[in-house]
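Structure first, then comments.
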Number of protein chains: 2
Amino acid sequence: MTTTRQDLSELLERSGVRATPRRLEVLEELARESDDVTAQQLWSRLRERDSRAGLATVYRTLALLSEKGVIDVLSHHGGEQCYRLCGDAHHHHLLCEKCHRVVEIQECGLDDWVAAAANEHGFVATEHRVEIVGLCADCR
Amino acid sequence: MTTTRQDLSELLERSGVRATPRRLEVLEELARESDDVTAQQLWSRLRERDSRAGLATVYRTLALLSEKGVIDVLSHHGGEQCYRLCGDAHHHHLLCEKCHRVVEIQECGLDDWVAAAANEHGFVATEHRVEIVGLCADCR
DNA sequence: ATGGTAATGAGAACCGTTATCGTTCTCGGT
DNA sequence: ACCGAGAACGATAACGGTTCTCATTACCAT
């Protein structure tokens, strides 16, 4: 888990995003969250930490980071986007329908299945998303 | 493809939804669309056909139909929901990133993989969604 | 230091969706 | 056929999340 401010700063630069104080605050808060958060949640938590970051900046930063592939966007709450700092590699998500915990599934292993399913309908797959919803160990 | 008004009416009743003229109009328009549509698109197309259906009714009907499992909701356009009349059985979607065509993948065959991936993290899977994005035969 | 560009904050604007409310329709019982 | 209760409907206001605007501030190369 990258947590030091230095690590996060390097992560930004490496992704082609200038590491400004505000962006570091946002990323730091994302690193602190184990699950996904909405832009508004993130903003109010920053406020609680005496950050003067504006809501617009939070939205701008989240849009920028997701565009650069630094964070993931989940839209499982119809109408509201959730953001999460994940590993770099291709992965999928496991969601607990009760406590809303989010866990990454690292080993995809679905490429062949995806390619075959796409091919069957004349498609060439460029990406795929899988979301498994269920109950986590604590909730069942 | 169920297209006659009679078929659609029976589909509604079978799903526990009273078949009113407005609902039939909405469902009929959905049956006419090969791809997914937003509520607003659906509404304006109904208007073009001299339907006096209100926007609220379109939203109400779409919410009701998706709740009853008659139609699918896709939220791949972040912030805007798309609706589609699909087959009854469990299936996934193949999306063309260029022309936005949507094709159903009937044979899932992923249950074992899903169960295993969930189990590996202590989860019990209750449902899963797969979306493959790529280029269709016409667009590549 | 200085000028140009990028980033930021506050608040307005936007847009998709939902709620409100008065009217209309549907349907079973008569 | 008629009637009454409850469901459905249409118009429009309200809502909430997101994006835009614009004036101000921070950053960087010169």
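Each chain gets a letter, A, B and so on, in the order the sequences are listed, and its residues count up from 1.
In this structure, Tyr59(A) does not reach the dT19(D) phosphate: none of its side-chain N or O atoms is under 4.0 Å from OP1 or OP2.
Note on Gln40(A): a base of the nucleic acid sits closer than 4.0 angstrom, heavy atoms only.
At a threshold of 4.5 Å between side-chain heavy atoms, the hydrophobic network of Ile, Leu, Val, Met, Phe, Trp and Tyr places Trp43(A) and Leu64(A) in one connected group. A chain of hydrophobic side-chain contacts below 4.5 Å, direct or via other Ile, Leu, Val, Met, Phe, Trp or Tyr residues, connects Val103(A) to Leu110(A).
A centroid separation of 6.0 Å or more is found between the aromatic rings of His100(A) and His76(A).
Look at CG on Leu42(B): it is 12 Å from P on dT17(C), rounded to the nearest Å. For the pair Leu62(A) CG and dG17(D) P, the computed distance is 15 Å after rounding to whole Å. Atom CG in Leu46(A) sits about 12 Å away from atom P in dT8(C), given to the nearest Å. Atom P of nucleotide dT19(D) and atom CD of Glu67(A) are separated by 12 Å, given to the nearest angstrom. For the pair Glu80(B) CD and dT19(D) P, the interatomic distance rounds to 12 Å; values are reported in whole Å. Distance Trp43(A) CH2 to dG9(C) C1': 11 Å, rounded to the nearest Å. Atoms CD (Glu25(B)) and P (dC25(C)) sit 13 Å apart, rounded to a whole Å.
Dense packing is recorded around CZ of Arg140(A), with more than 12 heavy atoms of other residues, nucleotides or ligands lying under 6.0 Å away.
Considering every non-hydrogen atom in both Leu46(A) and Ala53(A), the closest pair reads CD1-CB, 4.4 Å.
Using cut-offs of 30° and 60° on the angle between ring planes, the pair His92(B) and His128(B) is tilted.
Between Cys82(B) and Ala19(B), the residue anchored closer to the 5' end of DNA chain C is Cys82(B), taking for each the nucleotide with the nearest heavy atom.
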Contact state string [nucleotides 2-11 of chain D, B base, S sugar-phosphate only, - no protein heavy atom under 4.0 Å]:
-----SSBBB
